[in-house]
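Counting convention: from 1, in listed order, for ligands and their atoms alike.
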Amino acid sequence: MNAVVDLPKDHLSSVGKNIPIYKERGQREVFCGLTGIIWLHRKIQDAFFLVVGSRTCAHLVQSAAGVMIFAEPRFATAIIDDRDLAGIADAHEELDRVVKSLLTRRPDIKMLFLVGSCPSEVIKLDLSRAAQRLNKEFLNQCRILSYSGSGIETTFTQGEDACLASLVNEIPKPVMAEEKNLLVVGCLPDVVEDQFQRLFNKLGIARVSFFPPKNSQQKIEIHSNTQYLLAQPFLAETARLIEERGAKRISAPFPFGIEGTSAWLKAAANQWGVSAQKFDEVTQPKIERAQKALARYIPMLESKRISFFPDSQLEIPLARFLSQECGMKVLEIGTPYLHKQHLEVELDLLPENSRIVEGQDVEKQLDRCRADKPDIVVCGLGLANPLEAEGITTKWSIELVFSPVHGYEQAADLAELFARPLNRSMKLAA
Ligand code: SF4
């Protein structure tokens, strides 16, 4: 059986090496953008995320956050109830009341995000207007912003894109050019951010900052002398707004694995005129350590066949890392959305026989997966257990977003995330 036979050829396009990109539309098995709150609230330490949504949204955020809800949370849901839906209560008044009591109780909150959901969109609750109104009232206490994390508009990591875009939107344009600086864009765990900061500084790139910042008071520098590096592949809108303010993107693969990290750092180093000798001096010890750590996992991964279901947009860079550095064979790379420009270098590094599918029709994809019989499938929680029951080894894609996986020091940890389930299934089979 030809596994790709049902993919619509009319939407076929291709990239660099003539790798076909198929487009598929249909039933989807993905998270909505609200999930982004889980890692965003950990990053921006004085921010609070108030979802304006239904009980479904509250359940989603709570179950995604798992055990963290027992600590003092910096996210919550203002539930739209029947009275709001029926127009009996003025939803704006209700929202003002909730925000006021929240900010009175929690003066430590310096930035409040009103996060839109499917229900708030359907009843056309204008959160940007609400944010403007509340901003006036809390002028010296807290900045209030809004973005949508609804399932109608956003898929999983696109929630981060929408959040960061709302932050960039606050920066006036055009802005005066200042001294050349490097901006690293995309939420990274603090430990990874600190490692990159040290590497850039050792390379002689002193003016480097990370976006989003660790706290709301930190100034974000974007002007026509800013060069920015994307640390995540799902930031289409944020990148567009950053460029509207004059900054230029440094084209690079994403910093996954040793090769990806080196090429990512090198792309910035070239813009700062760092010599090849200096670059090697700084990176070589890190590369050697990372190679040693990664070598442990290669025998478990080499020649194993992998398929990705669409989830986070990390699929293409991860497929590149696994094929280029771990010797895995990539069958299908599903991605919810493909930004060709941001991924151009990644696409060039993929093996020629890769099959990329943008969008999803889950039943058809499952049929292809069963026909392909991959050794491991990367998919969401909803598909993982049913596939395991069919004898297919799976890796939960959500872990790839929640764990520190960028950079040299995490290259082996990233490989281990795939080696672990393969190892477990081998043990079970034995
Ligand atoms: S925003 Fe939409 S998709 Fe997400 S939990 Fe709420 S209702 Fe569901």
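- Taking a cutoff of 4.0 Å between a charged side-chain nitrogen and a carboxylate oxygen, D46 and R74 do not qualify as a salt bridge.
- Classification of K364 and D367 as a salt-bridged pair fails, no side-chain N sitting under 4.0 Å from a carboxylate O.
- With hydrogens and angles left out, the side-chain atoms of Q232 and T157 include no donor and acceptor closer than 3.5 Å.
- Electrostatic pairing of K340 and E344 does not count as a salt bridge here, judged by no charged N lying under 4.0 Å from a carboxylate O.
- A salt bridge is absent between D361 and R368; no separation between the charged side-chain nitrogens and carboxylate oxygens falls under 4.0 Å.
- The number of protein N, O or S atoms lying under 2.8 Å from atom 6 (Fe) of ligand 1 is 1.
- Residue R55 places its CZ atom among 12 or fewer non-hydrogen atoms of other residues, nucleotides or ligands, all under 6.0 Å distant.
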